[in-house]
Amino acid sequence: MNREQVIDVCDNNWNPTAATMYRISHRTMEQSAHGQWIHDNEGNKFLDFACSYGVFIVGHTQSYIQQAVQKQLDQVAIKPYGSCDENTIKLMAKLAEMLPGDLNRSYFCNSGAEAVELAMRAAFEANPKRKKMVVISDSYHGKTLGALNILGQTGHRTPFTPLMENVEYVPFGDIAAMKKAIGDGVSAVFIEPVLGGPYLQVPPAGYLKQIECLCRETGSLLIADEIQTAFGRAGKMFAIEYDNIVPDMIILSKGLTGGHAAIAVTVMSEALESKLIDEQGIDPRLLTSGSGGNPYNNTAALAAIEFIEQQDLTGRAQRLGTRLLTGMRQICADYPQLVLEVPGIGLMTGLKCANPAVETAITMVMGKQNIHLGHSMNEKAAHPVLRFYPPLTVTEQEIDQCLAALEQTMKRLGSRPKLMFKLLNQLIKRQYTLPRKFLYKLTGVKQAA
């Protein structure tokens, strides 16, 4: 199938709005990817600094993982729920070894949102008299109906209201607001150790430790969502290590298999599991996923962790993240009208843009220089963060290539009048509601395929 045929199928059988966006953007189709590079249907290659928002943490089609999963496929890919296999046992033991305290009880799922819902169920059952949950504003915990209840991004949550009433949202980094929300105690506090999504924000030192102390003082559960931050992305194996906290549950996904299989896991403390099973009499099967934790996925996860450790990708992320972040800040310092801030930690970095139009413009100009970035896809955010999330296997030369492209991009956009971005921003905010014919005419697309 050629590009137009693919877009037609998208238009007719999936998402007409997405089809329109593909047409007016004139984007080519991705066909293959290896390491840090993506290749399209026209023979072009692109440096991947999007990483599907952090999934491809060990680079695309990593041979070390491929060999491990192929060996597993030669034996068995999936077993019935409740069956044991060697690599699943090894993965559970490995996670217990890596995580602090008594976080050693693994519950496997297929997606981050599913793992979040598992954590919610466990929290409610651990203390049935407490129904309130505290969540960080603008945080992201998934879009299934259950996870939507604690989704801090209102744009995704609002269309499905009313949802759970007893959820309080507090600003990230505001410990006074957190203390007030917790009060004498709540069912659970959900945190992202580094606020992700289009609101990338690094916490002040000691913030996570203060939350942990509040939870311990009030008997509230602390649940760390490390779906975006774990396995080296933030410069440590787990971002909770920056404040040396031990949550009651930690949720892992994304980089866990380096993009080679869909997986998530909620790891809870031994003490919490004992409370649920021994004190509350909960059947552990009520918490589990009926299809999570198959041999294929868990083999991929085990191999990815081994590769990360063998190659010291956490240390690499810390070292090269400094190079990337310093370069981004030096370049953008001269363009305060376009970039308000350059947040980041490890290889979890981004540009806080003046408005969605600036984010889109930077994405497009960088794309023309064959650099893929993680666009927020959030035209309603006042100051969205354009994410720079390269694989942790990225080289110094590739970082410098990205920085050189960014410098050229900022020079080009910095010379444009501010009024242009204000007008473009009004268009960006309405792009999904504008008539197709208008968008096609505006962008030079003669007609839909």
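Position 1 is the first residue of the sequence; numbering continues from there.
- The line from CE of Met364 to NE2 of His375 is 9.5 Å long, rounded to the nearest 0.5 Å.
- A salt bridge does not link Glu165 to Lys132: none of the charged nitrogens lies less than 4.0 Å from a carboxylate oxygen.
- We find that Arg319 and Asp312 are not joined by a salt bridge, their nearest charged nitrogen and carboxylate oxygen being 4.0 Å or further apart.
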Run Asp8 and Arg23 through salt bridge (Lys or Arg N to Asp or Glu O under 4.0 Å) and show every step you take.
CA-CA 10 Å; Asp8 281 344; Arg23 287 194 180 102; 3.0 Å; yes
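- Considering all non-hydrogen atoms of both residues, Ser220 and Ile182 come closest at OG-CG2, 3.9 Å.
- When each of Asn87, Thr257, Thr88 is checked for a side-chain hydrogen bond (donor to acceptor under 3.5 Å, both in side chains) with Thr299, only Asn87 meets the rule.
- Remark: Arg157 qualifies as a cation-pi partner of Tyr169 under the 6.0 Å distance and 45° angle criteria applied to the six-membered ring.
- For the residue pair Gln311 / Thr393, no side-chain donor-acceptor distance below 3.5 Å is found, with atom types taken as modelled.
- In this model, no donor atom of one side chain and acceptor atom of the other lie less than 3.5 Å apart for Glu114 and Thr144.
- The main-chain N or O of Thr158 is found under 3.5 Å from a side-chain atom of Thr161 such that the two form a donor-acceptor pair.
- Residues Val135 and Ile150 approach most closely at CG1-O, 3.2 Å, considering heavy atoms.
- Here the straight-line distance linking atom CE of Met249 with atom OH of Tyr107 works out to 10.0 Å at 0.5 Å rounding.
- A donor-acceptor pair is defined here as one N or O able to donate and one able to accept, closer than 3.5 Å; no such pair exists between the side chain of Arg233 and the backbone of Gln228.
- For the pair Trp37/Leu47, a side-chain contact is recorded, criterion being any heavy-atom separation below 4.5 Å from C-beta on.
- Taking the six-membered ring for Trp and thresholds of 30 and 60 degrees, Tyr207 and Phe172 have ring planes more than 60 degrees apart, a perpendicular arrangement.
- Looking at every heavy atom in both residues, Pro391 comes nearest to Leu347 through O-CD1, 4.2 Å.
- A donor-acceptor pair under 3.5 Å is absent between the side-chain atoms of Asn41 and the main chain of Thr28, judged by distance alone.
- Side-chain atoms of Ser32 and His39 form no donor-acceptor pair, as typed in the model, at a separation below 3.5 Å.
- The structure places CD1 of Ile362 at 5.5 Å from CG of Leu351, a figure rounded to the nearest 0.5 Å.
- Side-chain contact of Thr395 with Glu398: a donor-acceptor pair under 3.5 Å is present, judged by distance alone.
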Run the side-chain hydrogen bond (donor to acceptor under 3.5 Å, both in side chains) test on Asn104 and Glu270 for me, step by step, so that the C-alpha distance in whole Å, both residues' side-chain angles and the decisive distance to 0.1 Å come before the verdict.
CA-CA 6 Å; Asn104 57 26; Glu270 184 175 349; 3.2 Å; yes
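- Taking the six-membered ring where the residue is Trp, Phe46 and His372 present parallel rings, their angle staying beneath 30° rather than reaching 60°.
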Do any side-chain atoms of residues 188-203 form donor-acceptor pairs under 3.5 angstrom with protein atoms, and if so which ones, sequence neighbours left out?
{"residue": "Glu192", "atom": "OE1", "partner": "Tyr140", "partner atom": "N", "Å": "3.3"}
{"residue": "Tyr199", "atom": "OH", "partner": "Asn378", "partner atom": "ND2", "Å": "3.4"}

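- Annotation: Tyr389 is not in aromatic contact with Phe56 [ring centroid separation under 6.0 Å not met].
- The minimum heavy-atom distance linking Lys90 with Leu302 is given by the pair CB-CD2, 3.7 Å.
- Side chain to side chain, His60 and Asp48 meet the donor-acceptor criterion of an N or O pair below 3.5 Å.
- A pairwise comparison of heavy atoms in Val170 and Ala181 identifies CG1-CB, 3.6 Å as the closest pair.
- More than 12 heavy-atom neighbours from other residues, nucleotides or ligands sit within 6.0 angstrom of CD on Gln75.
- A salt bridge between Asp174 and Lys180 is absent, with no side-chain N of the basic residue lying under 4.0 Å from a carboxylate O of the acidic one.
- Glu359 and Ser376 share a side-chain donor-acceptor pair at under 3.5 Å.
- Note that NZ of Lys254 is 11.0 Å distant from OG1 of Thr229, once rounded to the nearest 0.5 Å.
- Nearest heavy atom pair, residue Gly293 against residue Asn298, reads O-ND2, 3.2 Å.
- Summarising the geometry, atom OG belonging to Ser137 is positioned 9.0 Å from atom CD belonging to Glu168; distances are rounded to the nearest 0.5 Å.
- The number of heavy atoms from other shown groups lying within 6.0 Å of CG (Asp74) is above 12.
- Listed for the Tyr242 side chain is a donor-acceptor partner under 3.5 Å among the backbone atoms of Ala234.
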